[in-house]
Engineer: 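This is the structure, below, for whatever I ask next.
When a ligand or atom number is given, it counts from 1 through the structure's own listing order.
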Amino acid sequence: MSADDDKRFAAEAAVAEVRSGMVVGLGTGSTAAHMIRALGRMVAEGLDIDTVATSVASAELARSLGIRVHDFADVPRVDLTIDGADETDDRLLVVKGAGGAMLREKCVAAASTRMIVIADGAKRVPAIGAARVPVEVLPFARGFVMRILAERADPALRMAGGEPYRTDQDMLVVDCLFGDLSDPHDAAAWLQAIPGVLGHGLFLTEVDAAYLATDGVVTKLERAVDRDQ
Ligand code: 5RP
């Protein structure tokens, strides 16, 4: 069984939480694409949902499958968001953004009553920190932000096709490797306080549950304490 099969199993388990009448947040990436395809099949069979997407690619995929997608600017509240992850520990401290959509993903997650991440089991780690943490950066401030990030996090400007990678909102991504991520809340606060940093891939409070599949077996992790407490 391949990792992609496990991504699909996790996605198909998570969509069982979707009910008609919900506003659903659509994540980004290969696992989220499985989820969107599963929702497309459910919509074709009569599921009645409204959605917002965390990337242009996810919006296009969803619309191509007949799923109603709204502009997030018009949607103040989301019932349930399902998104991928790059790393998660069992406390649901999560790193996201390998696909570069972490700023929109963070906005949609924050607007959501419930957020679920879906992934193959290789993304489950004892402690987050081996994956680089993507940071979205205003191009105007690139030099300054890179200098500050270098104090703690070995910054690497993300490239694509020989050019700096650009997000859906035309910003840069700097992938950061923290020497010590034992206090991710401190790292997140430090990142967020740098002028020119627009967002980052540390999701420390947003995720309520995870569906993680290994060799076809899906494990569900649920946050022990309500994230709003
Ligand atoms: C995009 C993300 C993705 O959800 C994350 O990178 C996982 O991607 P994949 O499902 O392709 O492994 O955060 O910004």
Engineer: Under the salt bridge (charged side-chain N to carboxylate O under 4.0 Å, His left out) rule, what do R152 and D186 come out as? Steps first, then yes or no, please.
Structural biologist: CA-CA 12 Å; R152 268 179 83 170; D186 175 69; 2.9 Å; yes
Engineer: Could you tell me, atom by atom, which parts of ligand 1 come under 4.0 Å of a heavy atom of D83?
Structural biologist: 4 (O)
Engineer: Find all atoms of ligand 1 within a distance of less than 4.0 Å from any non-hydrogen atom belonging to A85, and give their numbers and elements.
Structural biologist: 4 (O), 7 (C)
Engineer: I need the atoms of ligand 1 closer than 4.0 Å to a non-hydrogen atom of E105, numbered in the order shown.
Structural biologist: 1 (C), 2 (C), 4 (O), 13 (O), 14 (O)
Engineer: Examine distances only and state if a side-chain atom of S20 and a backbone atom of D48 form a donor-acceptor pair shorter than 3.5 Å.
Structural biologist: yes
Engineer: Out of all atoms in ligand 1, which are within 4.0 Å of some heavy atom of A98? Include the element for each.
Structural biologist: 6 (O)
Engineer: When rounded to the nearest 0.5 angstrom, what is the spacing between CG in L26 and CD1 in I82?
Structural biologist: 8.5 Å
Engineer: Does a side chain donor of either S2 or D4 reach within less than 3.5 Å of an acceptor in the other side chain?
Structural biologist: no
Engineer: In terms of atom number and element, which parts of ligand 1 are under 4.0 angstrom from non-hydrogen atoms of T28?
Structural biologist: 1 (C), 2 (C), 3 (C), 4 (O)
Engineer: Identify the protein heavy atom lying closest to atom 11 (O) of ligand 1, giving its residue, its atom name and the separation to 0.1 Å.
Structural biologist: S30 OG, 2.5 Å
Engineer: More than 12 non-hydrogen atoms from neighbouring residues, nucleotides or ligands closer than 6.0 Å to CZ on F140, yes or no?
Structural biologist: no
Engineer: Where is the nearest protein heavy atom to atom 10 (O) of ligand 1: which residue, which atom, and how far?
Structural biologist: T31 OG1, 2.5 Å
Engineer: How close does the nearest protein non-hydrogen atom get to atom 12 (O) of ligand 1, and which residue and atom is it?
Structural biologist: K123 NZ, 2.8 Å
Engineer: What is the nearest protein non-hydrogen atom to atom 6 (O) of ligand 1, stated with its residue, atom name and distance?
Structural biologist: D86 OD1, 2.6 Å
Engineer: May I ask you to list the atoms of ligand 1 that are less than 4.0 angstrom from any heavy atom of K7?
Structural biologist: 12 (O)
Engineer: Side chains of H34 and E12: any donor to acceptor distance under 3.5 Å?
Structural biologist: no
Engineer: Would you call D83 and K96 a salt bridge, taking side-chain N to carboxylate O under 4.0 Å as the test?
Structural biologist: yes
Engineer: Determine, using heavy atoms of G97 and all atoms of ligand 1, whether some pair is separated by less than 4.0 Å.
Structural biologist: yes
Engineer: I'd like to know whether E87 forms a salt bridge (charged side-chain N to carboxylate O under 4.0 Å, His left out) with R124, so could you lay out the CA-CA distance, the side-chain angles of the two residues, the decisive distance to 0.1 Å, and finally the verdict.
Structural biologist: CA-CA 6 Å; E87 278 188 332; R124 185 177 182 180; over 6 Å; no
Engineer: In plain terms, say whether R68 and D50 are close enough for a salt bridge, that is, a side-chain N and a carboxylate O under 4.0 Å apart.
Structural biologist: yes
Engineer: Mark up the atoms of ligand 1 that fall under 4.0 Å of a heavy atom belonging to G84, in ascending order.
Structural biologist: 4 (O)
Engineer: Using distance alone, decide if ligand 1 has a nitrogen or oxygen within less than 3.5 Å of any nitrogen or oxygen in A101.
Structural biologist: yes
